[in-house]
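Each chain gets a letter, A, B and so on, in the order its sequence line appears, and its residues count up from 1.
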Amino acid sequence: MNGWTGRPAPGGPGAGERGTGGPDGLGEDYLDGNALAGPLSEVFLIDMTSARGRCDSCGAVSAIAEARLYVNAPAMVLRCPSCSGVLLRVRRDGGQAVLDLRGFSYLTIDLG
Amino acid sequence: MGIISSGFQGRRNRDDPGLPPGQHRAEDFPVLSAGPTPRIARADWEFRIVTETGTSRHWDWAAFLALPQEDITADIHCVTSWSKLGTHWRGVALDTLFDQIETTARFSLVHSYGGYTTNVPLADLLGGKAWIVHQFNGADLPSEHGGPARLLVPHLYFWKSAKWVRGLELTGEEIPGFWETNGYHAHGDPWREERYG
Ligand SMILES: [Zn+2]
């Protein structure tokens with residue numbers, strides 16, 4: 001098995017795909033993770049954008065607000081600023097929010 | 001800001017027989033992207049089919065263009081609810097590529113440059129239903145729409161028509177891809193509104 005058939009973790013490109021990404025996201029159509037404040041406030045009682053998470057693909061730790069959010073897609077996709085691996089996906093399905101956090105090893109949340 | 005972006009321009013027409021349920025017409029061609037756009041030079045591009053036994057065949061750009069080319073006119077339907085009718089593409093039928101493949105697999109996992117994946121049953125790829133396309137409206141497929149080449153499976157929701165396609169992994173069991181692991185439907189027939197699994 002070569003390259004792509006060594007399947008990446010579900011939902012995310014491996015760090016090895018980085019080289020195909022062009023000039024480091026310049027000109028790409030993403031927002032910063034602060035834009036998740038509204039959607040996540042429908043689910044969590046505290047502001048999650050300051051939560052820091054460890055990327056399960058590359059190990060980098062960043063705040064949700066610092067990650068890259070792609071919104072022109074069937075669900076919002078938050079990607080790691082270091083390796084562009086998927087951190088989080090969230091979509092609305094009728095009266096439900098479907099939240100996929102598997103791209104994080106863990107999240108650290110200040111309880112104030 | 002809602003979770004689903006609904007900024008796409010479209011004209012609703014519930015009586016339009018070309019439109020599956022819940023869809024509206026888009027006159028433009030919205031660009032959906034769940035990640036960075038890979039920029040793949042044609043000189044570096046290859047397409048590979050790996051069978052369930054591990055044997056594989058691959059085509060570089062020249063070999064791919066040397067295969068019989070077909071012109072396709074098809075309606076496309078995005079799960080975010082826009083449809084674009086009568087789109088024009090040029091490319092190679094999956095039937096042509098599978099002429100050189102021996103397999104008893106029932107499923108494929110489609111792989112793209114950049115790491116995107118989607119699962120499609122072989123029955124939906126063969127029999128004149130799917131192509132690897134490299135032109136849209138007579139021009140080279142731009143990278144934001146999946147160039148150098150993308151899969152085109154117009155009878156399924158458009159997330160199955162993987163942009164920047166690089167290969168097919170043939171499998172006995174169905175392996176869910178990028179959106180399918182997020183709760184989207186394994187099959188994705190727009191006429192049956194197979195949006196969510
Ligand atoms: Zn990472």
Side-chain angles (χ1 to χ4, degrees), chain A residues 1-31 35-43 57 68-80 83-86 89-94 96-100 102, chain B residues 1-8 30-41 44-46 48-51 54 56 58 78-81 109-117 143-144 157-159 164-171 175-184 188 195-197:
Chain A
M1 290 292 177
N2 54 43
W4 54 266
T5 52
R7 229 168 285 119
E17 301 288 354
R18 185 66 178 154
T20 62
D24 201 16
L26 285 175
E28 296 289 349
D29 184 20
Y30 62 83
L31 308 175
L36 265 181
L40 289 184
S41 73
E42 295 186 290
V43 182
S57 297
R68 297 173 177 179
L69 182 68
Y70 291 83
V71 296
N72 293 322
M76 288 189 177
V77 178
L78 188 74
R79 288 181 179 269
C80 173
C83 76
S84 85
V86 175
R89 292 181 289 181
V90 61
R91 66 181 171 87
R92 198 189 260 290
D93 177 4
Q96 306 174 91
V98 180
L99 180 60
D100 173 355
R102 88 185 76 181
Chain B
M1 174 176 200
I3 283 180
I4 298 293
S5 163
S6 56
F8 301 130
V31 174
L32 268 65
S33 62
T37 299
R39 313 280 171 185
I40 309 300
D44 299 329
W45 182 90
E46 71 163 34
R48 182 177 293 267
I49 298 177
V50 181
T51 74
S56 75
H58 74 277
C78 179
V79 72
T80 59
S81 87
L109 186 63
V110 183
H111 291 261
S112 295
Y113 291 99
Y116 181 76
T117 56
S143 54
E144 67 265 29
Y157 280 123
F158 212 44
W159 89 76
W164 317 298
V165 69
R166 69 187 306 190
L168 299 179
E169 178 183 4
L170 308 184
T171 60
I175 299 169
F178 184 88
W179 292 119
E180 294 84 1
T181 57
N182 194 227
Y184 279 88
R195 298 175 194 271
Y196 307 120

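- Across A:Ala75 and B:Asn182, no two heavy atoms sit closer than the pair CB-OD1, 3.6 Å.
- Residues forming a ring-ring contact (aromatic ring centres under 6.0 Å, His included) with B:Phe158 (at least two apart in sequence, or on another chain): none.
- Contact check for B:Thr181 versus A:Arg102: side-chain heavy atoms found under the 4.5 Å cut-off.
- Proximity of A:Val98 to B:Tyr196: side-chain heavy atoms (C-beta onward) are nowhere separated by under 4.5 Å.
- Not a single salt bridge (Lys or Arg N to Asp or Glu O under 4.0 Å) links B:Asp44 to another residue, sequence neighbours left out.
- For A:Pro74 against B:Trp179, the heavy-atom pair with the smallest separation is CD-CZ2, 3.5 Å.
- Across every non-hydrogen atom of A:Ala73 and B:Ser33, the tightest pair is CB-O, 4.0 Å.
- When side chains are defined from C-beta on, B:Pro36 does not count as touching A:Arg68, because their heavy atoms never get closer than 4.5 Å.
- Considering only heavy atoms from C-beta on, A:Asp93 stays 4.5 Å or farther from B:Arg195 through its side chain.
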